[in-house]
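A short write-up of the structure that comes next.
If you read the sequence from its start, that first residue is 1, and numbering goes on from there. Atoms within a ligand are numbered from 1 in the order they appear, just like the ligands themselves.
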Amino acid sequence: MTTSSPLHHPITEDHTALRHDWSSPEVLRLFNQPFNDLLFTAHSIHRQHFDPNEVQISTLLSIKTGACPEDCKYCPQSVHYDTGLERERLLPVEEVVAAANAARETGATRFCMGAAWRQPTDRNLDKVIELITAVGETGMETCVTLGMLTDSQAVRLKDAGLDYYNHNLDTSPEFYPEVIKSRTYDDRLDTLKHVRDAGLNVCCGGIVGMGESRSDRAGLLVELANLPTHPQSVPINQLIRVAGTPLETLEDLDELEFVRTIAIARIMMPHSVVRLSAGRAEMSDAKQALCFFAGANSIFYGEKLLTADNPEANSDQVLFEKLGINRAKAVSDSAA
Ligand code: SAM
Ligand code: DTB
Ligand code: SF4
């Protein structure tokens, strides 16, 4: 018997049921389990909390592209690396609303807007708030990712009606300085606190395949699950090796190791929506199917992520049909 529940959990969490005291050795023991045992556990937990045949759809739009002062080694938008990316100023509201309406037509329930900033200025925020208001009027959930936020900026976003803020921890605290020098892990934790305290839903995850060890993957998941509240949404990105970035020539991460990471995220954060995020354009149908079995229940849909390619909408449609996966309905639809 499947106990299904909508893909949208309220912001409040049942603290008695969820753990926030994971240790790295314990999580490494999960990683070391036989693959079938791990996937069986993850899938069983997944079924207790979600409809296993339902996936939530988000669509991304880069609202301000390139020329970012940060030095994140994976990122095509950093000013430190020559990736041949055309920079663009903040997009006008009409263009953003047109993209949001197009995304809604394809079945997306959340529209995520990303800006290549270290942190927004208060004037930047005025303009983003206009975008949030306009996208909110389409009936979609809104998410933005704008870099670091102060506590008062987070409150302004909440007051403007924003639903989710995305800010990733990216990797373990130990591996982090190998990837990013221009802001610290604690800076990220501070922003997450501001977002949480403002009452926004938190979207927070990381990237795997950046040359980190299994212990680092365990360390990232420990940090995410030991936050005071599990992030409502947990994006697990597979590194897209963009030409011109320092991580361009890294080796492939073993694909079953990626599936294990998804499975363990599901076990540790059983109520969170786990998103199979960047990197799907390079994944086979079979790998994605294993990720959905392991507990992933959200994707980015649409031919572009922020700047990188995502699978063609049509091939995702075919994959969903082959797997018998349905798109989760919008909150407003499921409440009806
Ligand atoms: N500038 C803001 C920030 O970093 O907080 C928001 C946009 S940033 C592009 C959002 C996230 O995209 C990053 O935290 C990272 O996890 C992910 N990302 C960026 N480049 C990526 C890549 N090449 N492969 C996988 N994920 C990537
Ligand atoms: C997240 O964790 N992944 C998305 C979203 N949050 C903003 C971004 C992926 C970016 C991939 C590289 C690009 O498109 O530039
Ligand atoms: Fe800038 Fe965000 Fe890219 Fe880092 S990940 S370089 S902060 S756009």
Fill in the blank from the handout: Of T307, I240, L146, L247, the residue with the heavy atom nearest atom 24 (N) of ligand 1 is I240

Completion exercise
Restricting to heavy atoms, the pick from G279, A115, C68 nearest atom 1 (N) of ligand 1 would be A115

Of all the atoms in ligand 3, which lie at a distance below 4.0 Å from a heavy atom belonging to [X]?
| X | result |
| --- | --- |
| Y74 | 5 (S) |
| A116 | 8 (S) |
| E70 | 1 (Fe), 4 (Fe), 6 (S), 7 (S) |

Handout entry: Proximity of R183 to ligand 3 by residue part, where a heavy atom lies under 4.0 Å
Key = side chain

Problem - N, O or S of C75 under 2.8 Å from atom 3 (Fe) of ligand 3 - result: yes

Between ligand 2 and the protein, which N/O pairs fall short of 3.5 Å?
unit_1	atom_1	unit_2	atom_2	d
ligand 2	2 (O)	N168	ND2	2.9
ligand 2	2 (O)	N237	ND2	2.8
ligand 2	3 (N)	N237	OD1	2.9
ligand 2	6 (N)	N166	OD1	3.3
ligand 2	14 (O)	L306	N	2.9
ligand 2	14 (O)	T307	N	2.8
ligand 2	14 (O)	A308	N	2.8
ligand 2	15 (O)	T307	N	3.2
ligand 2	15 (O)	T307	OG1	2.6

Practice task
Answer with yes or no whether E70 contacts ligand 1, where contact means a heavy atom under 4.0 Å from a ligand atom.
Solution key: no

Practice task
Check whether any heavy atom of G147 sits under 4.0 Å from an atom of ligand 1.
Solution key: yes

Handout entry: NZ or CZ of R110 within 45° of Y164 ring axis and under 6.0 Å
Key = yes

Handout entry: Cation-aromatic face contact R280/Y301, 6.0 Å, 45 degrees
Key = no

Practice task
Using protein heavy atoms only, decide if any is under 4.0 Å from atom 8 (S) of ligand 1.
Solution key: no

Exercise for the section: Please check atom 26 (N) of ligand 1 for a protein heavy-atom neighbour under 4.0 Å. Expected result: yes

Handout entry: Per-residue contact class, I207 against ligand 1 - non-hydrogen pairs under 4.0 Å
Key = side chain

Handout entry: Pair D151 + K193, salt bridge at N-O below 4.0 Å
Key = no

Practice task
Below 4.0 angstrom from a heavy atom of L306, which ligand 1 atoms are there? Numbered from 1 as shown, please.
Solution key: 9 (C)

Exercise for the section: Would you check, one step at a time, whether the test side chain to side chain donor-acceptor pair (under 3.5 Å) holds for D122 with Q153? Expected result: CA-CA 8 Å; D122 288 340; Q153 288 179 323; 3.0 Å; yes

Practice task
Report yes or no: does C72 have an N/O/S atom closer than 2.8 Å to atom 4 (Fe) of ligand 3?
Solution key: yes

Handout entry: H80 touching ligand 3 at heavy-atom level, < 4.0 angstrom
Key = no

